[in-house]
Amino acid sequence: MFTFELDNRSDLEEPSRNHGLWKCTICEHGNYARYLSCEQCGVLRDFSLYFSSALEVDGRAKRRDKHSAVSVLARSLFSPSSTKSKDTIFSNGFKASRNATRHTQATLDALHKTYMAHKERRINIVPFKFDTPSPDDMVATGLKSSRNVRKVDTDALYIDVHIAEKKVMDNDNFITEKDTTTDPNSPVKLNEFGESSKGVSVDSQNKTLSLDHELQHLSLERKPQKSKAKIKKPVSLSLYKPEPWMLQREDEDIPRQLNLAIVGHVDSGKSTLCGRLLHALGRISKKQMHKYEKEAKEKGKGSFAYAWAMDESADERERGITMTVGVAYFDTKNYHVVLLDSPGHKDFVPNMISGATQSDAAVLVIDASVGSFEAGMGVNGIGQTKEHSQLIRSFGVDNLIVAVNKMDSVEYSKERFNFIKSQLGTFLRSCGYKDSAIAWVPMSAMENENLMAAASDTRLSSWYDGNCLLKAIDTLPPPYHDVSKPLRLPICDVISSHTLGQVAIGGKVEAGAIRSGCKVLVMPSGELAVVKTIERNSSSCNLARAGDNVAIGLQGIDPSHVMSGGVICHPDYPVSVASCLELKILVLDITVPILVGLEFELHIHHAKVSASMVKILSLLEQKTGKASKKIPRFLTSRQTAVIEVKLEKEVCVEEFSNLKALGRVSLRSQGNTVAVGIVSRVREQA
């Protein structure tokens with residue numbers, strides 16, 4: 001809006017004139033007649049030279065005020081104020097009245113039409129509307145909005161009606177010639193404010209509004225992609241059908257693989273047993289064995305030579321204990337055996353769990369020497385022999401070989417062997433092992449007695465005529481592996497390899513099959529990847545089926561999305577991801593009752609996560625397995641209960657009824673395993 005001031009003097013008053021000089025009404029400077037404006041201050045001599053129809057009141061009076069040549073701004077500055085009010089009539093019937101300060105407000109278009117000559121009008125002034133943002137507003141809004149860049153629909157950017165405007169003067173109105181594909185001859189007449197009396201189609205207006213809305217949400221910054229992608233909801237496993245290449249053909253000559261975990265109390269001779277067995281089978285050369293013996297003697301640990309075949313790290317050799325799961329391979333008549341040498345020290349039980357979750361069977365190594373067996377069973381009911389037995393049973397190991405080692409230290413005493421068998425056998429039966437699934441083998445790994453062949457020492461052969469350790473391993477029942485279910489490969493380790501690439505993982509295929517070039521889904525990140533290479537037993541292969549321990553190189557995925565404890569699965573059948581579970585647990589031998597709110601570590605396959613017990617849902621009777629009516633306030637030793645736990649973060653999990661390998665759990669608190677169990681229900685999924 002613009003403000004101007006009108007003169008209240010009579011238009012009939014004759015201004016004083018001098019034909020040689022004219023006097024400026026502002027600065028009173030004398031100017032020559034040839035000058036149209038004041039030479040000193042620049043005020044116009046006569047407004048009528050510029051405005052041909054200005055202030056034409058009362059029949060276009062010819063006589064004008066002596067101040068008529070004075071600019072509106074100058075008069076407003078030097079003229080005395082007056083309270084007299086006067087209406088102003090504009091051309092084309094526009095009317096406005098002055099306010100108390102003698103200023104009249106009107107639109108610029110009205111002023112222009114009133115004071116400009118008809119022949120000099122060239123611009124149609126349209127009032128600015130504030131209902132739509134300006135380009136500057138759009139940029140400012142984009143900078144302050146969310147950093148997430150929204151994709152604008154390209155269809156909305158295209159407007160069907162393209163208007164080419166040509167402005168033509170016609171009786172103070174403009175004609176916009178509309179160049180359209182539908183009606184090229186239909187003109188659009190604009191009113192005095194520049195608005196169209198005939199608008200474009202409704203579809204075009206809607207698209208334009210949609211475009212304006214999208215532009216207001218554009219951003220110049222890019223928001224980082226979320227760590228979690230959109231994941232398909234788990235599809236019913238009953239709909240899955242394996243592809244023909246996943247099933248093993250009869251003509252394929254592939255030896256059965258047996259994952260064998262070696263567990264037991266610390267210093268029971270597990271690593272020595274593995275090294276002696278590998279050396280006897282020719283998996284360790286004489287040159288390499290001589291090197292181990294020399295290095296062990298230099299460290300003052302000559303008896304550790306065979307153990308160093310499995311304990312390769314400097315820390316393990318310095319401390320004389322196994323800290324991580326060692327992996328080795330050997331072949332028997334019926335199996336290709338993957339040997340998993342697990343740590344026995346109490347501080348490394350979580351690493352032992354990682355090995356136990358991959359095993360099909362286990363060898364429980366017992367130190368027969370006096371005092372060592374008792375230490376493994378535990379003074380207060382808690383020892384690594386007991387704990388390892390309970391853990392491997394909870395992870396689905398049904399077949400167990402009990403290797404009573406170091407029998408030479410007790411002169412191969414039959415009484416000592418029977419005492420160990422009686423004490424330990426009772427405990428193993430309480431864990432759920434059947435007598436028919438337990439094989440007892442007295443032996444001495446250091447003396448190679450009853451290890452590869454039948455006992456040669458008469459002190460042992462006089463009362464034992466059973467299988468040696470190698471034959472006991474070869475006679476284990478074959479494990480069952482299900483290839484008819486969707487792919488499930490828990491990630492044990494994230495490794496770096498020149499042959500596998502930058503992103504590589506190691507683990508056991510628990511269900512389904514995998515081959516090079518196929519797409520897989522990495523959970524819980526929800527990112528897709530492509531299988532680049534597969535290695536089994538340190539040699540390249542094209543495919544792997546359930547039961548195989550493999551190393552896989554992935555491509556097309558960021559390394560940050562691959563982590564130990566995750567699961568590689570079928571893209572269309574993702575594994576469940578949850579943070580609240582319903583567990584059926586068996587409480588082990590504990591000294592402190594388990595209360596609601598207890599915080600502990602939950603181990604499930606290769607994942608370890610902090611959790612807390614939210615609720616005790618029911619207590620199960622040991623004989624019948626039915627839920628008792630009374631819900632206890634706490635749990636004590638050897639009780640079976642159904643509880644609800646809340647996890648600190650989401651983990652990949654399956655109900656035990658769907659896939660046993662991903663449905664077994666163990667609960668640890670303050671360095672001890674307090675309970676083992678299964679996932680009976682996934683209560684909350686991501």
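What you see below is based on every heavy atom in this structure, not just the backbone, and it leaves out hydrogens, waters and symmetry mates. Nothing fancy with the numbering, it's 1 onward along the sequence.
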Strictly by modelled atom types, are [X] and [Y] linked by a side-chain donor-acceptor pair under 3.5 Å?
X    : Y    : answer
E601 : S610 : no
S413 : E411 : no
S372 : S369 : yes
D367 : N405 : no
S359 : N259 : no
S539 : N537 : no
T624 : E621 : yes
E387 : T673 : yes

Do L260 and D360 touch side chain to side chain, with heavy atoms closer than 4.5 Å? no

Just checking, R283 and Y329: is the charged tip under 6.0 Å from the six-membered ring centre and within 45° of the axis? no

Would L595 and R633 count as a side-chain contact (heavy atoms from CB on, under 4.5 Å) if you check the C-alpha gap in whole Å, the side-chain angles of each, and the deciding distance to 0.1 Å? CA-CA 7 Å; L595 303 174; R633 297 171 56 188; over 6 Å; no

Please check this pair: side chain of Q639 against backbone of T636, looking for a donor-acceptor N/O pair closer than 3.5 Å. yes

Donor-acceptor pair, S409 side chain versus K406 backbone, under 3.5 Å? yes

Go through the steps for I505 and L489 under the test side-chain contact (heavy atoms from CB on, under 4.5 Å), then give the verdict. CA-CA 10 Å; I505 61 98; L489 197 163; 3.7 Å; yes

May I have the step-by-step check of side-chain contact (heavy atoms from CB on, under 4.5 Å) for V645 and E582, ending in yes or no? CA-CA 6 Å; V645 297; E582 183 180 295; over 6 Å; no

Evaluate the side-chain contact (heavy atoms from CB on, under 4.5 Å) criterion for residues S444 and Y412: first the C-alpha distance (whole Å), next the side-chain angles of each, then the deciding distance (0.1 Å), finally the verdict. CA-CA 9 Å; S444 174; Y412 299 100; 3.7 Å; yes

